[in-house]
Amino acid sequence: MNNLLSSLEKHSWVQKSMADISTLYQGITDVTALAQAFITKLAPLLQASFGVVYLRKKEAGEIFYVKAAGYALSNEDSAATSFRIGEGLIGQAIIDQRIFLTEQLPEEHFKVTSGLGASSPRNLLIAPILVDGRVEAVIELAALQPFLSQHLTLIDLLQDKFGSAITNVNGRMEVERLLGESQILTEELQAQSEELQAQSEELQMQQEQLQVANGFLEQQKQFAEQRALELKKAKDELEDYSLQLKMSSQYKTDFLANMSHELRTPLNSILILSQMLMENNNELDMSEVEEYARVVYTAGGDLLRLIDDILDLSKIEAGKLEILTDEVNVTEIPQTLKNMFDPVAAKKNLTFEIVTQPDVPPVISTDGQRLQQILKNLLSNAFKFTDQGGVTFGIELAHPEKVADLPDLHADASVLSISVTDTGIGIPRDKQQIIFEAFQQVDGTTNRQYGGTGLGLSICREFTRLLGGAIEVESKPGKGSTFTLYIPSRLEPVSQELIDVLALGEVAASASELTEEQEYREEAESPPVEGTETESSDQQLFKGKKVLLVEDDGRNVYALVTALEKKGILVQIAENGKRALEILQEQADYDLIFMDIMMPVMGGYEAMKAIRHDLQLESLPIIALTAKAMKGERDKCMEAGASDYIMKPLNIDQLFSLMRVWLTEQVDQD
């Protein structure tokens, strides 16, 4: 019995320590700060008197492991600054990729000093941190007393967590760049279909006109020669239009193929890994299961973001763009772009230089969000198509003669000239104008070297027009390209009619319905940054609370119950709205209800109305769960009696955030 209690206590200690350390990673964007926070938290937990973190660095083709953080170092010379692979115990641990545990160290090995004296640790622990089979970091810990089994268990569990955190911090800016690129996707598929329909109707109308013309020739033979010329002209126009239609259809086909690839890539990893997890016959250890689950979760998130980005671009096609004029601090633009693209340049071994001329005004009046999106798209393209050399970003005042030569420029004040120059592959002269058209690319095949959907520059052009500016390109194949953006320093208000004209196309009302719900999703899916205090308050707030989960899908039930019960919440299941009413009639002392909308027997809308009116449970919080991404869905749920609303697929952090709000309000009312 005592052994069992001891084992449970060790397990509880390990889980609590894991939770404490996991919260440290949130909000950290610097890998050195991450290492310092990690060792500062880990060393006391393991009762270590000394600790050092060495991080992997690569310089001039050689790999080093450099000291990045320390715990209880008496001076800068207390620990070696770096190790090569195979050098000392640190280097050997890197080669063997295993934990080294040494006991009975000699007294002269190392001393830990304090105000009262110095002691010699007798126990040494060296642990490599692996990510995808590569050692990203090495942790060295020394203690006066032996390391316990739970300490080694914690170190083993933290290897993947800390390694993933290092990878995430290093790749965060790269993710930002990819997200910027992914924003160029749209619902142009629907618009293309409607455009093809319109073109077909126009062709039919022209054919009818030709029939009328032929009949007129029969009746008016005196105009035969004139009509023959008109028919020839109309035939030439039809052939040209047919060629354009064929080209447009090919662009759509290429886009569909590329979009299919982008959607299938994350879906493929989800299907493969989920099948492996489903077929697992205890052959996978826990670390493999956790890694598979992490990849599935990440791929699912990528797929969801891709779908959301496609919905976002419906705003452009529906002509619902809003220009919000505000004061934009030009002096902040260089640092913002450096933060975004320095990691990209470093990863590709490219230079990234920003040059701002002194006569540039510090503040301009324009739509800062649209301007930033244009700049991000241009820089993303520059880095994507550049493998050697670098990218240069420049800001200066445009010369008045140049401004006068730009017919599309609407400016009553000074004009900024913002250029993005790269040393990449360049663009042939015959392709330099079509790249600004939707879905058209220099290489639009699925086996092309560089990815993308062909919408980025088209969106840049439309946003530039809305800002009253113009955009030009100069390029030589094999030499590089320069995109120059001309933006007025003062943007006059743009009428809604002009916005509608400048939109890429018109779509049906249901496309516009999606955008409103998408805006709500963007606001709702920003998870709160949680710390140790939040975790502690969660234990007090959630433990023992009773929740009624009304859901008919067994997979969702399993996932939600697992997540809720880990917080100490007591969960009762109802497979439909009717069963939920029966449970509440028998016992109504629940703290909160999760209500699915689409269910058999009785759906969520009807069930919520009955709870509020028939059962008179006015103050009981009800959070609606729905996968319907249509306009007015949130209002419909609230009218039926919901206290709040969250869309599927659920973000578990945002779900717990909503629970905190409503459970705290219940406590305050009590």
What's the spacing between [X] [atom1] and [Y] [atom2] if we round to 0.5 Å?
X	Y	atom1	atom2	answer
Met659	Asp644	CE	CG	12.5 Å
Asp359	Glu396	CG	CD	7.5 Å
Thr421	Glu474	OG1	CD	9.0 Å
Gln369	Asp326	CD	CG	11.5 Å
Asp387	Thr423	CG	OG1	9.0 Å
Asp422	Lys479	CG	NZ	13.5 Å

Is a side-chain donor or acceptor of [X] paired with a backbone partner of [Y] at a separation under 3.5 angstrom?
X	Y	answer
Tyr65	Val135	yes
Ser489	Ser414	yes
Gln357	Ile395	no
Lys348	Thr386	yes
Thr664	Arg660	yes

> What's the verdict on side chain to side chain contact (heavy atoms under 4.5 Å, CB included) for Ser380 and Phe341, showing C-alpha distance, side-chain angles and the deciding distance?
Replying inline: CA-CA 8 Å; Ser380 296; Phe341 291 98; 3.7 Å; yes
Can you tell if the side chain of [X] reaches within under 4.5 Å of the side chain of [Y], non-hydrogen atoms only?
X	Y	result
Arg134	Arg56	yes
Val66	Thr81	no
Leu379	Val391	yes
Gln654	Met647	no
Leu42	Tyr71	no
Ile427	Phe483	yes
Leu658	Tyr645	no
Thr356	Phe393	no

> Do Glu353 and Lys338 sit within salt-bridge range, that is, some charged N less than 4.0 Å from a carboxylate O?
Replying inline: no
> Are any of the side-chain nitrogens in Glu59 or Lys57 under 4.0 Å away from the carboxylate oxygens of its partner?
Replying inline: no
Looking only at heavy atoms, what is the nearest atom pair of [X] and [Y], with distance?
X	Y	result
Ile471	Arg461	CG2-CA, 4.4 Å
Pro488	Gly468	CG-O, 3.3 Å
Asp160	Leu130	OD1-O, 4.2 Å
Val328	Gly368	CG2-CA, 3.6 Å
Gln159	Ile129	O-CG2, 3.4 Å
Ala470	Leu406	CB-CD1, 4.5 Å

> Step by step, would you call Thr325 with Ser365 a side-chain hydrogen bond (donor to acceptor under 3.5 Å, both in side chains)?
Replying inline: CA-CA 6 Å; Thr325 304; Ser365 176; 5.4 Å; no
Verify the neighbour count for atom [atom1] of [X]: are there more than 12 heavy atoms of other residues, nucleotides or ligands below 6.0 Å?
X	atom1	value
Asp132	CG	no
Gln388	CD	no
Glu62	CD	yes

>> side chain to side chain contact (heavy atoms under 4.5 Å, CB included) for Leu55 and Ile166? Distances and angles first, verdict last.
In response: CA-CA 9 Å; Leu55 295 180; Ile166 294 174; 4.0 Å; yes
>> Quick one about Glu332 and Thr336 (side-chain donor to acceptor, distance below 3.5 Å, no hydrogens or angles considered), yes or no?
In response: no
> Does the side chain of Asn339 come under 3.5 Å of the side chain of Gln335 through a donor N or O and an acceptor N or O?
Replying inline: yes
>> Against Val330, only a single residue in Leu371, Val360, Val363 fulfils side-chain contact (heavy atoms from CB on, under 4.5 Å); can you say which?
In response: Val360
>> Is there a side chain to side chain contact (heavy atoms under 4.5 Å, CB included) between Ile374 and Leu467? Walk through the geometry before answering.
In response: CA-CA 11 Å; Ile374 295 171; Leu467 298 182; 4.0 Å; yes
>> Taking the six-membered ring for Trp, are Phe83 and Tyr54 closer than 6.0 Å centroid to centroid?
In response: yes
>> Check the orientation of Phe352 and Phe383. Use parallel for under 30°, tilted for 30 to 60°, and perpendicular for over 60°.
In response: perpendicular
>> One pair to check against side chain to side chain contact (heavy atoms under 4.5 Å, CB included): Tyr486 and Leu416. What are the steps and the verdict?
In response: CA-CA 6 Å; Tyr486 298 95; Leu416 262 64; over 6 Å; no
